[in-house]
S.K.: 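Supplied in structure tokens, the structure appears directly below.
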Number of protein chains: 2
Amino acid sequence: MFSKACEYGIKASIFIAISSSEGKRVTPKEIAEEINSPQAFTAKILQALVKHDVINSVKGAYGGFEIDKNQINKIKLAQIVNAIDGDKIYRGCGLGLEKCDENHPCPVHDKFKSIRNNLQFMLEHTTLEELALDIKSGASFLKV
Amino acid sequence: MFSKACEYGIKASIFIAISSSEGKRVTPKEIAEEINSPQAFTAKILQALVKHDVINSVKGAYGGFEIDKNQINKIKLAQIVNAIDGDKIYRGCGLGLEKCDENHPCPVHDKFKSIRNNLQFMLEHTTLEELALDIKSGASFLKV
DNA sequence: ATTAAATAGGATATTTTTATCCGAAATAAA
DNA sequence: TTTATTTCGGATAAAAATATCCTATTTAAT
Ligand code: FES
Ligand code: FES
């Protein structure tokens with residue numbers, strides 16, 4: 001469904017959101033440990049998220065990654081997925097035709113489109129805040 | 001969403017279904033042309049579909065691939081996906097946790113599960129026959 | 001200024017997926 | 001029986017995704 005890079009990106013963002021809500025910046029090392037991901041690869045993904053203004057980075061000593069506290073309830077999963085995997089989830093054809101086109105649909109277009117719309121709606125309406133809250137309360141987990 | 005191999009497998013199966021309904025066997029060459037896929041790679045996928053009893057192969061001159069005429073309305077997309085990509089679509093965690101587990105859910109488990117269930121239902125209820133009919137009538141397309 | 005800690009980013013390596021190639025085995029027709 | 005055609009299956013090759021490594025740059029504290 002999502003690429004590994006995207007999975008790491010989502011989990012990392014949730015962890016950064018939690019830390020930022022507690023006023024702490026975090027390093028790629030801490031993040032990788034918390035979400036059980038390869039550190040250097042995760043660092044690359046964090047760069048992409050910074051470039052797309054999902055998270056913020058502070059260079060130098062006492063630096064790290066953070067998210068503006070009052071942005072946490074505004075950031076949607078869709079932004080993260082879009083920053084890393086692009087919009088091929090929405091634009092691409094489920095059977096690999098050049099593009100998904102109402103006027104030249106593949107055999108599963110209608111059925112696929114409805115599922116994809118559900119996915120899109122979910123991504124566009126799920127905030128980092130709600131996911132972070134579930135982690136904090138122990139209702140969900142970032143690793144194992 | 002699906003692997004390339006799976007996309008080719010689905011499109012190939014639809015084309016074989018159409019040909020078989022007209023009493024014709026087809027070769028990997030014809031299939032690859034019809035679905036715009038790499039021939040040798042497609043042939044490998046056809047082998048997997050044969051092994052999983054989705055399609056039938058006849059070796060030797062005048063041989064090729066076919067589907068038992070009165071099976072076309074019984075074969076579900078789920079069988080093809082399962083033959084090629086396995087059951088990781090259903091079993092796997094959306095965020096890459098070791099397994100998708102109600103008692104140890106990832107942050108998107110609930111939301112993801114409902115979408116995945118829709119997908120599963122769609123795959124388990126869509127037959128090769130209905131997809132083949134749409135191609136025949138010109139309502140959908142296998143390439144470009 | 002110097003130092004230590006941190007991100008940025010290029011280069012490279014590994015693994016997985018996708019794709020190609022070729023010879024062996026099977027089969028129908030001549 | 002010979003030949004032509006076709007699937008089967010193993011061995012590679014190429015491309016993409018994932019992962020690692022190393023150096024440069026930035027920055028806060030001393
Ligand atoms: S054309 Fe294939 S999903 Fe729309
Ligand atoms: S645990 Fe992640 S989808 Fe179920």
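Values in this document were obtained by computation on a predicted structure and should not be read as measured data.
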S.K.: Within a radius of less than 6.0 Å around NZ of B:Lys29, do more than 12 heavy atoms belonging to other residues, nucleotides or ligands occur?
M.R.: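 No, not enclosed.
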S.K.: Taking only Lys NZ, Arg NE, NH1 and NH2, and the carboxylate oxygens of Asp or Glu, determine whether A:Lys11 and A:Glu7 approach each other closer than 4.0 Å.
M.R.: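 Answer for the salt bridge query: no.
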S.K.: Can you tell me how far C1' of C:dT7 sits from CD1 of A:Ile31, to the nearest Å?
M.R.: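 Atom CD1 in A:Ile31 sits about 11 Å away from atom C1' in C:dT7.
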S.K.: In whole angstroms, how far is the C1' atom of C:dT27 from the CD atom of B:Glu66?
M.R.: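 Taking atom C1' of C:dT27 as the reference, CD of B:Glu66 is at 14 Å.
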S.K.: Distance check needed: C:dT17 P versus B:Glu7 CD, whole Å only.
M.R.: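 Going from B:Glu7 (CD) to C:dT17 (P), I get 14 Å.
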S.K.: Any link between A:Met1 and A:Leu95 through a network of hydrophobic side chains (Ile, Leu, Val, Met, Phe, Trp, Tyr) touching at under 4.5 Å?
M.R.: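 Yes: a chain of side-chain contacts under 4.5 Å links A:Met1 to A:Leu95.
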S.K.: Are A:Glu66 and A:Arg25 within salt-bridge range, i.e. N to O under 4.0 Å?
M.R.: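 Salt bridge: yes.
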S.K.: In whole angstroms, how far is the C1' atom of C:dT18 from the CG atom of B:Asn36?
M.R.: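 Taking atom C1' of C:dT18 as the reference, CG of B:Asn36 is at 15 Å.
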S.K.: Rounded to whole angstrom units, what separation is found between the NZ atom of A:Lys29 and the P atom of C:dA6?
M.R.: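 For the pair A:Lys29 NZ and C:dA6 P, the rounded distance is 10 Å.
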S.K.: Reading nucleotides 3-18 of chain D 5' to 3', which nucleotides get B (base under 4.0 Å from a protein heavy atom), which S (sugar-phosphate only), which -?
M.R.: --BBSBBBB------S
S.K.: Please list every donor-acceptor pair under 3.5 Å in which a side-chain atom of residues 40-62 of chain B meets a protein atom from a residue at least two apart or in another chain.
M.R.:
residue : atom : partner : partner atom : Å
B:Thr42 : OG1  : B:Ser37 : OG           : 2.6
B:Thr42 : OG1  : B:Pro38 : O            : 2.6
B:His52 : ND1  : B:Ala48 : O            : 3.0

S.K.: Please report the distance, rounded to the nearest Å, between CD1 in A:Ile45 and C1' in D:dA19.
M.R.: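 Answer to the nearest Å: 10 Å.
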S.K.: I'd like to know if B:Glu130 pairs up with A:Lys111 as an ion pair, taking the criterion as any Lys NZ or Arg NE/NH1/NH2 lying under 4.0 Å from an Asp or Glu carboxylate oxygen.
M.R.: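 Salt bridge flag = yes for A:Lys111 with B:Glu130.
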